[in-house]
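Naming: A, B, ... by sequence-line order, numbering from 1 per chain.
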Number of protein chains: 2
Amino acid sequence: MHFEELIKSIKERREELQVTQETLAELSGVGLRTLKQFESGKGNPTLLTLSKLADVLGMEVGLQVKNLSRNE
Amino acid sequence: MHFEELIKSIKERREELQVTQETLAELSGVGLRTLKQFESGKGNPTLLTLSKLADVLGMEVGLQVKNLSRNE
DNA sequence: CTTCGAAGTGCATTATACGGCTCTTTTTTA
DNA sequence: TAAAAAAGAGCCGTATAATGCACTTCGAAG
């Protein structure tokens with residue numbers, strides 16, 4: 001599972017912006033408990049939760065084709 | 001919410017590969033009911049569910065900084 | 001040592017995602 | 001046109017994500 005990368009992205013981005021978990025929780029509307037749990041590597045967040053956090057951090061969730069060779 | 005885009009990505013990719021919901025469900029280990037629900041726009045899948053589906057379709061979930069050129 | 005801010009954890013509750021089964025609707029094929 | 005395949009939806013039990021509250025841990029500062 002590469003959840004860890006996603007989680008780390010969030011956490012690193014948050015720290016980069018010097019935002020505390022508490023502030024991010026408030027800004028995103030995600031519960032502090034949820035964020036803590038999430039950042040400490042426990043949990044399987046819903047897309048909604050992830051999006052809320054990403055949004056505040058100026059990021060976005062996306063899906064990419066891994067290989068390529070398919071033009072769209 | 002831009003869930004719709006993610007959902008559409010999955011659905012389009014699945015159709016592109018000419019895989020039925022049933023087959024994708026089996027291959028990914030996600031319940032057929034869940035996939036149906038998900039593709040029909042209802043639901044808030046967990047990262048795990050999304051990942052399972054994306055994986056089988058040769059895609060991956062990612063987080064990108066929205067703006068650009070800030071950092072890699 | 002004490003205090004404070006930030007982060008992490010345990011417990012309990014509520015909300016909801018997951019999934020199987022069945023039925024209906026839509027789309028495709030003959 | 002009918003039949004089959006695929007997709008969508010209702011019911012409903014189970015698993016777990018989301019959340020609040022209180023406590024602990026850790027580091028920095030006093």
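In this structure, B/Glu15 places its CD atom where more than 12 heavy-atom neighbours from other residues, nucleotides or ligands lie under 6.0 Å away. Dense packing is recorded around CD of B/Gln64, with more than 12 heavy atoms of other residues, nucleotides or ligands lying under 6.0 Å away.
Close to C/dT9, at under 4.0 Å from its OP1 or OP2, lies a side-chain N or O of A/Ser40.
Using a distance-only test at 3.5 Å, with no hydrogens or angles considered, a donor-acceptor pair links the side chain of A/Ser28 to the main chain of A/Leu24. Between the side chain of A/Ser51 and the backbone N or O of A/Leu47, at least one donor-acceptor pair lies under 3.5 Å. Under the 3.5 Å distance criterion, the side-chain polar atoms of A/Asn44 are matched with a main-chain donor or acceptor of B/Leu48.
If you measure from atom NZ of B/Lys42 to atom C1' of C/dG19, you get 17 Å, rounded to the nearest angstrom. Between A/Gln18 atom CD and C/dA7 atom P there is a gap of 12 Å when expressed in whole angstrom units.
Interatomic distance, CD1 of B/Ile10 versus CG of A/Leu63, reported as 5.0 Å (0.5 Å rounding). Note that the CD atom of A/Glu39 and the NZ atom of A/Lys11 stand 5.5 Å from one another [nearest 0.5 Å]. Separating the CG atom in A/Leu53 from the CG atom in A/Leu35 is a distance of 5.5 Å, to the nearest 0.5 Å.
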Inset, instruction - Sugar-phosphate means primed atoms, P, OP1 and OP2; the rest is base. With that split, encode nucleotides 24-30 of chain C 5' to 3' as B, S or - using protein heavy atoms under 4.0 Å. - result: -------
Short heteroatom pairs, N/O only, protein and nucleotides 15-19 of chain D, under 3.5 Å:
| residue | atom | partner | partner atom | Å |
| --- | --- | --- | --- | --- |
| D/dA18 | OP1 | A/Thr46 | N | 3.0 |
| D/dA18 | OP1 | A/Thr46 | OG1 | 3.1 |
| D/dA18 | OP1 | A/Thr49 | OG1 | 2.4 |
| D/dT19 | OP2 | A/Gly31 | N | 2.9 |
| D/dT19 | OP2 | A/Thr34 | OG1 | 2.9 |

Strictly under 3.5 Å: I want the nitrogen or oxygen pairs between protein and nucleotides 4-7 of chain D, one per line.
| residue | atom | partner | partner atom | Å |
| --- | --- | --- | --- | --- |
| D/dA7 | OP1 | B/Arg14 | NH1 | 2.7 |
| D/dA7 | OP1 | B/Arg14 | NH2 | 3.3 |
| D/dA7 | OP2 | B/Gln21 | N | 2.8 |
| D/dA7 | N7 | B/Lys36 | NZ | 3.3 |

Inset, instruction - Determine, step by step, whether B/Lys36 and B/Gln21 satisfy the side-chain hydrogen bond (donor to acceptor under 3.5 Å, both in side chains) criterion, reporting the C-alpha distance in whole Å, the side-chain angles of both residues, the deciding distance to 0.1 Å, and the verdict. - result: CA-CA 7 Å; B/Lys36 285 176 181 302; B/Gln21 290 179 336; 3.1 Å; yes
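Using a cutoff of 4.0 Å between basic side-chain nitrogens and carboxylate oxygens, A/Lys8 and A/Glu5 are not scored as salt-bridged.
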